[in-house]
Amino acid sequence: MSELEISNITKDYGATRALHPVSINVERGEFVTILGPSGCGKSTLLRILMGIARPSAGEIRLAGTRIDPLPPETRDIAMVFQSYALFPHMSVGKNLSFGLRMKNVPSPERARRIEHALEICNLTGLVERMPRQLSGGQQQRVALARAIVMQPRLLLFDEPLSNLDAKLRDTLRQELVYLHRRIGTTSIYVTHDQAEAMAMSDRIVVMDGGRVVETGTPLDLYRAPTRAFTAGFLGQTNLLTADADGTRARLPWGQLVALSAQAKGIARVSVRPETIAIRQDDTGAGTVTSVSFMGANALYTVGIAGTTLKVSQAGGESLIAAGSRVSLDFNGALHLLKDRELPEAA
Amino acid sequence: MSELEISNITKDYGATRALHPVSINVERGEFVTILGPSGCGKSTLLRILMGIARPSAGEIRLAGTRIDPLPPETRDIAMVFQSYALFPHMSVGKNLSFGLRMKNVPSPERARRIEHALEICNLTGLVERMPRQLSGGQQQRVALARAIVMQPRLLLFDEPLSNLDAKLRDTLRQELVYLHRRIGTTSIYVTHDQAEAMAMSDRIVVMDGGRVVETGTPLDLYRAPTRAFTAGFLGQTNLLTADADGTRARLPWGQLVALSAQAKGIARVSVRPETIAIRQDDTGAGTVTSVSFMGANALYTVGIAGTTLKVSQAGGESLIAAGSRVSLDFNGALHLLKDRELPEAA
Amino acid sequence: MAVVAETLPKARARVFHEDDRLLVSAGLYAALGLTIALPLVLMFLWSVADGWAPPNVIPRDYTLSRWLDMIADPGLLRAALNSTVIAVVVTFATALIALPTAWAMARFPFRLKRLVEIFILAPVIIPGLVVAVGIGQVFLFLGLSYSITGVILVQIVGTLPLMIRLMTATLETIPDDLIHAARSLGAGTVGVVLHIILPLAVPGLLAGGLLSFIGSFEEFDKSFIVGAPVVETLPIKLYTFLDPYSLQLPIASIIAFILLLPALIVFVIAGRILRDDLMAAGMGKL
Amino acid sequence: AETNLKNLDFDLSKVTRENFYDIVVPAAKAEGTVTMYNFAGSFGDAWKELITRFEAKYGIKVEYSDVKGAQANQQLIAVQKAGEDAPVDAYFAGGGDYPLLSSAGVVGNIPLTSILPNMDHYDPAFAQSLFGKPHGGAYPLVHLNQTAIGYDSAFVKPEDLPKTFDELLAWAEKNPMRLGVTLPSKGGSGGGFIYSVALNYLTGECRTKLTDYTLTAEQAADWAMTSECLEPVWDYYRKLLSVAELTNGNADTLNLINNQQLYIGTVWEDQVMTFIRGKQLPDTFRLTLLENGQVGSGDAMFVPANAKHVAAAMLLIDMAIGKDFQAWKLENKASRSPRTDLTSNLVTPETAKYLLPSSVYPRLSAPAFWDMAKALGEALDEKVLSQ
Amino acid sequence: MQAALHDRKIQLALLLLPGVGYLVLFFGGPLVSALIGSLRLDDGSFTLQWYERIFTRATMLRGLQTSIYYGVAPVFVSLLVSIPLALLIRQNFWGRKLFNGLYKLPMAVPGIIVALMVIIMAERGGFIDRVIAPFGVSMPKLVRDEWGIGVILATVWKQIPFMTLIITSAFAGIPEDIRHAARSLGASRLNTFAFVEVPLAMPGITAAILLTFIGSMGSYAIPDIVGSPSPRPLSVLMLFEFGEGRFAQVYAMGMVLSLFAVVVLLAYYALTANIGVNRAKGDE
Ligand SMILES: Nc1ncnc2c1ncn2[C@@H]1O[C@H](COP(=O)(O)OP(=O)(O)OP(=O)(O)O)[C@@H](O)[C@H]1O
Ligand SMILES: Nc1ncnc2c1ncn2[C@@H]1O[C@H](COP(=O)(O)OP(=O)(O)OP(=O)(O)O)[C@@H](O)[C@H]1O
Ligand SMILES: NCCCCNCCCN
Ligand SMILES: [Mg+2]
Ligand SMILES: [Mg+2]
């Protein structure tokens, strides 16, 4: 029995179906990210878990108990909102004690838990402040502290970092990971940022159009996605069709590469830009059409054999100028996609 | 004579100085990015260029003519706002024709230019739509089209992509680069996103606290920053002090490395995570304290000789587990920073 | 099994359900019927009742003669026409006067703003009678008494505060960037006002215009003291019949209807275009 | 008398009852129009009747306005002060307003009662002075009214009908909250009633003071507020109001009677007729007067000193006091006439039962003294109601 | 000239001029003349007698109390109706849009007509009385009654839409997430309402309270018609004084009423100063 069992949850808003039957199991202590583009139903699912929206069908069990009919305040779940949703009329301390008072936690215990949460979230000294007197990052941490002070069975995060700027997002992402490691609360984290998902999660659930597309560890999903959607959404990729002759397939520039699994005929594969080596070569078959310097690496687009490929060059000490002829080289195994067709553009 | 000459512009808001004398030259057709953290004065500078704020001192010349005393409507400058600032009561077509009508461009010419702008910005078919009927990305493109339809001498962008989600930001960033290549208008682009700045610009002006810190091409600034601030703001880095003996310096793990310039005593250097090679080594001096899988690479923090270093491993086919002992190896030349001190944390 | 059955229904009952919707509807509309529709219907019955004494719950005999008498009065039409013309002029003039000031209130930070705000609110606070009597004396001196111009001028004192407040609330919602964008696209001050500010101020202008129109159409105290009986508006013409000391229910009911009908019609029509948040911001925020 | 009229277009001093029409009619026609104010809400239909007749006879257009007495008075005073022309030529105004209007110089000095042909049967009691204040004929009443006790005979048996103020109090004590007394400051039937109570209970010097018409409004107010004389009045009211309903106006009292909540109330005779005709009172409603008298009054029509159409105004007033119109008014509005040749005998029996019976009227009609009544009303508020 | 127009201070003055100037001229002027008038005898000499009358006459003193009572009591009753109503109409019930337009109708009904309706409906022997008479019950006294219930009913009837409109907006201004956050932290609906929603809607609610208080304290048609003949509120007494032509007294009473309203307003500002946010935006 998993800690959280989401079984065949659907949600209809009038005629539109926001969630097709969705089933997800989360183990105790796991940090699971739900990743998907805007509008794919991530928030809807979280809200159903929290109890502030009701499912049209399906059931949810937390630690074996069915919770979907329960009102939110009885669910033992806490949530960190994208907007933080701090109570603007309460100080940081009051925000933190609110939930404990609602659950009638006795005063000394309350003080102890608040103290602890403040410390964990680096908020000591800010107890008296009002939310509007805090920076975005501090507000974010208060929202987090307010949730963990409840010591819930399940923690939900709805894109909690998306309102922060890049630098701060990086810092807080790190802090969140440490925090989870420390308190170990089972967590579901919603985001549309693949970097965030990969950096933080034990497991990623990829969603699209109200459906679960694929589930796996960040590594598995990045390296061996089985769906074009996953491949394209988790980082950059080249979605290609290759002629397979059983164990090997031919890439557009003619190279023959081993397949991870047997296939014959048209094989659909995803080739990551960083798995292709690029080399300036006046007799090469490809032409660089653009170069983007990204700091730690350079990103090229290369026209070759009628297709355009993205190629990433780590370090990129010496950039290859646009217009140069290049030759490409893939090494590794090709992972087959299970989609029937590839999308028009990645 | 540069196309745009910004000379000693200062701006005071009451007692606070938002801009210390700032001077920047921009060449004809150049795409210059102003990069800096929130509140460093980027928008203030843009607003002064546009004419919607007035400088406290200094002067601005565009194509040789002094423009700072002119009202905005007579400057040949167009701006793309962070909030898009589309006129909500006008259709896409009306938004685009507004400026042309204000400048009394005759009707057939108007139609031609709008047609062209729509096409360039991939907006054909949306002329009749109202702004609220467009997605964020589409709104962004309309804002852009509205600016370029004016065929201004100078285009200003104030964080035009910051309200979009990661995936869309990538796409539009690309489109903007292509567009600039096509129309060639001199452009100033403001952002606090270093990846954006590096991927797009001919030249980056790094600002901090109302001052220009450093100026240079993305490559130069990334590889050989002269300020700790630049090094830290453009991508990840390790800011270290090293003992220099003239031509070489000793890194924390003992390795002796050549310096790009002569130095003696305490040398301040910036070491990029991707320039350090990491290798699992049971006898190594370092210990991995955390691992983040980032897709195309893995990011480690390594404790070594009393300091904590960030190390990036490209590809990262086989991740090194946290807790493992590792040895590090830097190869390349160390670039000296010219700061007196290093900041506490990068 | 039994445990589940026990907890489920209780939890379900706590949320707003499809069935409650009808109940809420029924309750609200019943309340509306009893508190608004019923009094109006009864008032109408009084206006056509030919005697209505206890124990009759509804009148036994009816007559239209009072209505006919009332409507036959040519003065009524003249007063209605006066009222309409005055209300239209007042509405436009109020908007015109209010706009620049509202712009300043919405857009300029300045030190005495609170004070100016209170001053603009003051006509709502000070009893109209005091202002009217004071203004009556001044107007007599200026030769504005008993003229349509005088009535219009004095009514604007009453309509201006709300219009300024509503317009301020509306103009506050226009992002600075829109104006900057317009200027960067070559629009001067006139262009910005004409093409950006005015169109975007329309919701506020509608709300303020509507309230000004009704406010003017119904205004009694000030118009009466400044204009009556030389300038007769509908309320001036009709309030004599509503004199509390000699008020006859049948006639008062007719008058009430004549006074109310235009306002009600305008209100119902305008209910669709009025934006609650703007109204609230203009009227409620202090 | 020397004239204070500002816009005379004919020689007023030459006008006599005999040559009136010869001089005034041409002058009035030359003026072409005449503006009239009516202060009494319930009199609109009567004036409409008069105007129809007037316009038909003389071809002079009447601009008619209903006004509020208090405001119109203030308006005329202000206009007079400002030296402008009056907006009105013939003003039907409250009888009690004469002291206010005359002291402000608003009333045009025209001896109307001496020169209007239709005033040849005018009651001498009102011809030269009104309630003790001389007006030289300039402020003639054109309508008399009477405060009274009204009752629903369906509930009050003839043998129980109070005939004196003491009996009224006794009746009220026996029938709590069935008697309605109009608050003096909110309706003349209440003001008339309090003055009548005072007339009933005051004697000797106190009564002399009470009926001293030379007192100004302020003097009356002072006396009412301070004099011991009025103790019996306050005492009567204290007892009465503990068992009676104090109402918010004449109409309020009548409305409660129509609702069968009150059986007896203080009323105006003419207003009762209006309500009867409008079926707002039961046809069992009857009137009476109490012994020692109840206040009778009247309202005047005058020409303001700065009126623009003096001749036409005089002509209109002349027709208003004409026997035909006065008879019509009595029959339809229970408006009594200051003409000595017009009595209730001329009224149809159907109307007569709603008028005061001739056994009490005019026998028990006492002249009004509105400044004093008002003073008593304010003192009542202060001494009884607010304690 | 051009330069002058660029000066922010001059721009501000020019923009404020139409509205503020108008009010100074046609409102401030008469007000000042009223103030002066309230301090003068007929012969022009200074006096406080008109104010003295207000504070020494029992009728006037009780009138002032009554004014305050007629200002305060309806506000409480309106709140009792408006808050639940505001909560109900934000639900998604059938016919909501129509209701939203209809419930505001009383805002367009003049006070005197409201008073008329009360007489028709609630007067003893009136409509309701007649309806319930067959059941052997009768209406309590609601018109002319000592507690001014008729006045309160009529005033409340007129106030409710206004209050509800403002309170609805105040509640609508609270982000949904905040409510959800409270629920997720274990607060029941009721607790969420009491500890989160009400405090957050408070600025809107207090503003509504203040404006309705000021409005009903100064109204006279309703208390004049359905109020008790004694005591009468200052506003009604003021009208009476106007009828008597005692303008100085009218002015003095108006000043006292206004002063009271202004003091309440200022007290409100003082109390809420720390909550208030400066709404002004500035740019060049
Ligand atoms: N209250 C609602 N009524 C109708 N449709 C809704 C409602 N809430 C959400 N939806 C629809 O359901 C779908 C899923 O929405 P949801 O908010 O769950 O997306 P999301 O994945 O959280 O997106 P984002 O990343 O933009 O937050 C969308 O198509 C949305 O338009
Ligand atoms: N109107 C103003 N009045 C006072 N200070 C201002 C004003 N506008 C900007 N500032 C201050 O000037 C400084 C620079 O602000 P600016 O908006 O130019 O920063 P920025 O670099 O654009 O930041 P961001 O990335 O957050 O947009 C800040 O400290 C800001 O607080
Ligand atoms: N809507 C305002 C209603 C004012 C009524 N005034 C009546 C005055 C009677 N003298
Ligand atoms: Mg979402
Ligand atoms: Mg900015």
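The figures that follow rest on heavy atoms only: side chains count, while hydrogens, waters and symmetry mates do not.
- Here the side chain of Trp46(C) pairs no donor or acceptor atom with the backbone of Ile120(E) at under 3.5 angstrom.
- The distance from atom CZ of Phe93(E) to atom CG of Leu28(C), rounded to the nearest 0.5 Å, is 5.0 Å.
- Not counting sequence neighbours, Phe240(E) has no partner by the ring pair (Phe, Tyr, Trp, His ring centres under 6.0 Å) test.
- With a threshold of 4.5 angstrom between heavy atoms, Tyr103(E) approaches chain C through its backbone and through its side chain.
- Side-chain atoms of Tyr220(E) and Asp221(C), non-hydrogen and from C-beta on, do get closer than 4.5 Å to each other.
- With Ser258(E) contributing its side chain and Ile125(C) its backbone, the two residues share no donor-acceptor pair below 3.5 Å.
- For a residue to count as touching a neighbouring chain, one of its non-hydrogen atoms must lie under 4.5 Å from one of that chain's; by this rule Ala252(C) touches chain E with backbone and side chain alike.
- Residue Leu23(E) comes nearest to Ile120(C) through the heavy atom pair CD1-CA, 4.0 Å, listed as atom of the first residue, atom of the second, then distance.
- Only the side chain of Leu257(E) has a heavy atom closer than 4.5 Å to any heavy atom of chain C.
- The minimum heavy-atom distance between Pro54(C) and Gly125(E), with the atom names listed, is CG-O, 4.1 Å.
- Applying the salt bridge (charged side-chain N to carboxylate O under 4.0 Å, His left out) test to pairs two or more places apart or on separate chains, those with a residue in residues 111-125 of chain E are Glu245(D)-Arg124(E), Glu123(E)-Arg144(E).
- Within the 3.5 Å criterion, the main-chain N or O of Thr94(C) finds no donor-acceptor partner in the side chain of Tyr22(E).
- Contact of Ile205(E) with chain C is not made at all, since no heavy-atom distance falls under 4.5 Å.
- Only the side chain of Leu247(C) comes within contact range of chain E, with heavy atoms under 4.5 Å apart.
- Neither the backbone nor the side chain of Ala132(C) comes within contact range of chain E; no heavy atoms are under 4.5 Å apart.
- For a residue to count as touching a neighbouring chain, one of its non-hydrogen atoms must lie under 4.5 Å from one of that chain's; by this rule Trp94(E) touches chain C with backbone and side chain alike.
- Contact of Phe26(E) with chain C is made through backbone and side chain together, with heavy-atom distances under 4.5 Å.
- The nearest pair of heavy atoms linking Ile164(C) to Gly19(E) is CD1-CA, 4.2 Å.
- Contacts between Asp129(E) and chain C at a heavy-atom distance below 4.5 Å are absent for every atom of the residue.
- Here the shortest heavy-atom pairing between Leu12(E) and Ala104(C) reads CD1-CB, 3.9 Å.
- Heavy atoms closer than 4.5 Å to chain C are found nowhere in Ile160(E), neither backbone nor side chain.
- When heavy atoms are compared at a cutoff of 4.5 Å, Leu31(E) approaches chain C solely by way of its side chain, counted from C-beta outward.
- Both the backbone and the side chain of Val131(C) come within contact range of chain E, with heavy atoms under 4.5 Å apart.
- Heavy atoms of Ser253(C) lying under 4.5 Å from chain E belong to its backbone as well as its side chain.
- The minimum heavy-atom distance between Met117(E) and Pro39(C), with the atom names listed, is SD-CB, 3.8 Å.
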